[in-house]
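Working notes, beginning with the structure itself.
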There are 2 protein chains.
Amino acid sequence: MSVAETSNERAVQILDAAEQLLGEKGYDGVSIREVADVAGVNKALVFYYYKNKKGLFARVLERYYQAHQDALAEAFTKEEGPLRERIHRMIDAYLDFIGSHQHAPRLVQNLLSRGDPEQLLHIQAQMAGLFRWMEAALRDVTPAEGMLSARQFYCDFSGLVVNYFIFAPVLGGLWGEDPLSETALEERRQHLHWIVEALLDRLLGGAA
Amino acid sequence: MSVAETSNERAVQILDAAEQLLGEKGYDGVSIREVADVAGVNKALVFYYYKNKKGLFARVLERYYQAHQDALAEAFTKEEGPLRERIHRMIDAYLDFIGSHQHAPRLVQNLLSRGDPEQLLHIQAQMAGLFRWMEAALRDVTPAEGMLSARQFYCDFSGLVVNYFIFAPVLGGLWGEDPLSETALEERRQHLHWIVEALLDRLLGGAA
DNA sequence: GTCTATAGGCGGATAGAC
DNA sequence: GTCTATCCGCCTATAGAC
């Protein structure tokens, strides 16, 4: 039942197609027929492997969050070093991951915007790992409660990174430049590092 | 054709119902039948006033962005004062507006996540006013280009405020506290003001 | 495991009476 | 302006042959 056990070739093709389409057109905008066509398999086979539409996209979500968490955790934990540096590495990893999975944030936001209680619970369960982990990572810099607690900064990081990609398609027309071009992404990266410095300075008063 | 001219009573009822439902269930999750039922009118009347589904929700978007921009502009422009104070007032206005239109950000994100080119262009057109205005408001604090330009901070503010509300339904379960309660919202407000101070300090070096 | 065929329902949209 | 009645297409899901 777990993602790792979904090893059959066709089953993975279906999952890949579902993830791509879900990011592009949203849950209600994608039909099983479409998923099957893109995956190059028959429609009925999708039901055979994933029971129903919800089951299919639940798996997509699980696979995505697992990869996401792995990416951040590796960047933060891997090489030891001053906390400040590790946070910067985490930001880079976050940007890189979303940059190479640009449909991912759209996918999550779309599921959120549908307001299905069952799916909300599922997203919550998937996010929990990431959130607990981030809380632990920031334990030494932030107080346990109040307006400077880790949970506030979790919302911040998430919003600062994700929002940029979510709005990229419309921002392009306003800027006259593609927000997803290499140079634009590099500018955003520098901006985020600048912000991290500003926040840490105020939080730590210039100390490590 | 404009929003202001949509003065007929029934037409407004339909628009209200559409806005609410769109925020709750997303574009593809709402049927015209549902809108008509909530509005207390006949299904065919929706088509009479708004031609088709896209037309209906295009109007919803226009009305929302108009109100949004008005709210921010009033807070920023109204009372003169140091730029720093005006920015803080703008943050407050942003939070207050979204707080009293909580379905609004979900509505926009949902339309974004559908990837319909026609709707993307429409969102872009509606956002343009807000964006140009924000650029002008920050003209004295930010350079015209580069990683500290106004467009970067526009993404920041937008993400910091909007993301909190978008994820509120899932955050509640992780925190064991409702992120939309008065005390939680007040904590978020203080956090955002703290961030603004941190950013302005670094940007201006403690001046103005 | 993989396919064909089809059931059964709901959605957007229109025609036309009042 | 407002309603009733209805068309037509697409969607999820299942039955059953191979």
Side-chain angles (χ1 to χ4, degrees), chain A residues 1 3 5-61 107 110-111 113-119 122, chain B residues 1 3 5-61 107 110-111 113-119 122:
Chain A
M1 283 292 282
V3 175
E5 293 166 32
T6 309
S7 51
N8 184 295
E9 193 186 342
R10 305 263 205 174
V12 176
Q13 286 171 17
I14 294 172
L15 215 54
D16 289 340
E19 179 168 341
Q20 179 200 331
L21 288 169
L22 180 55
E24 286 173 6
K25 330 215 292 182
Y27 184 90
D28 295 296
V30 182
S31 68
I32 298 291
R33 179 192 307 275
E34 241 174 328
V35 172
D37 286 351
V38 170
V41 303
N42 186 276
K43 195 166 62 116
L45 201 61
V46 177
F47 289 96
Y48 173 76
Y49 277 117
Y50 298 101
K51 178 132 182 161
N52 55 32
K53 191 174 180 180
K54 273 192 187 175
L56 170 61
F57 289 111
R59 289 288 188 87
V60 169
L61 200 71
L107 169 166
N110 177 270
L111 293 182
S113 72
R114 292 187 61 252
D116 176 342
E118 190 184 325
Q119 281 179 326
H122 196 240
Chain B
M1 281 296 277
V3 175
E5 293 167 31
T6 309
S7 51
N8 184 296
E9 194 186 340
R10 305 263 205 174
V12 176
Q13 286 172 18
I14 294 172
L15 216 55
D16 290 340
E19 179 169 340
Q20 179 200 330
L21 288 169
L22 179 56
E24 285 171 9
K25 330 217 290 185
Y27 184 90
D28 295 296
V30 182
S31 67
I32 298 291
R33 179 191 308 276
E34 239 175 327
V35 172
D37 286 350
V38 171
V41 302
N42 186 276
K43 193 165 65 114
L45 201 62
V46 177
F47 290 94
Y48 173 76
Y49 277 116
Y50 298 100
K51 178 137 181 156
N52 55 32
K53 192 174 179 179
K54 273 192 187 174
L56 170 61
F57 290 110
R59 290 288 188 85
V60 169
L61 200 71
L107 169 168
N110 176 270
L111 293 183
S113 71
R114 293 187 61 251
D116 176 342
E118 190 183 327
Q119 281 179 326
H122 196 239

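Below, chains carry the letters A, B, ... as their sequence lines are ordered, and counting in each starts from 1. This one's a predicted model, so the numbers in the text were calculated from it and none came from an experiment.
- A/Tyr48 comes within 4.0 angstrom of a base, heavy atoms only.
- One finds a salt bridge joining A/Lys25 and A/Glu34 here, because a Lys/Arg side-chain nitrogen approaches an Asp/Glu carboxylate oxygen to under 4.0 Å.
- Listed by residue number, the members of residues 19-37 of chain A with any heavy atom below 4.0 angstrom from DNA chain D are A/Val30, A/Ser31, A/Ile32, A/Arg33.
- Between A/Leu22 and A/Leu61, every side-chain heavy-atom pair lies at or beyond the 4.5 Å cut-off.
- In this structure the side chain of B/Asp28 never reaches within 4.5 angstrom of the side chain of B/Asn110, judged on heavy atoms.
- Of all nucleotides in DNA chain C, those with any atom nearer than 4.0 Å to a heavy atom of chain B start and finish, going 5' to 3', at C/dG11 to C/dT14.
- The residues A/Lys54 and A/Asp116 are annotated as salt-bridged, a charged nitrogen and a carboxylate oxygen being separated by less than 4.0 angstrom.
- B/Phe47 does not carry B/Lys53 over the face of its six-membered ring by the limits of under 6.0 Å from the centre and within 45° of the normal.
- Contact check for B/Leu107 versus B/Tyr27: no side-chain heavy atoms found under the 4.5 Å cut-off.
- Here the side chains of A/His122 and A/Glu118 are not in contact, with every heavy-atom distance at 4.5 Å or above.
- Partners of A/Lys51 under the side-chain hydrogen bond (donor to acceptor under 3.5 Å, both in side chains) rule, at least two apart in sequence or in another chain, do not exist in this structure.
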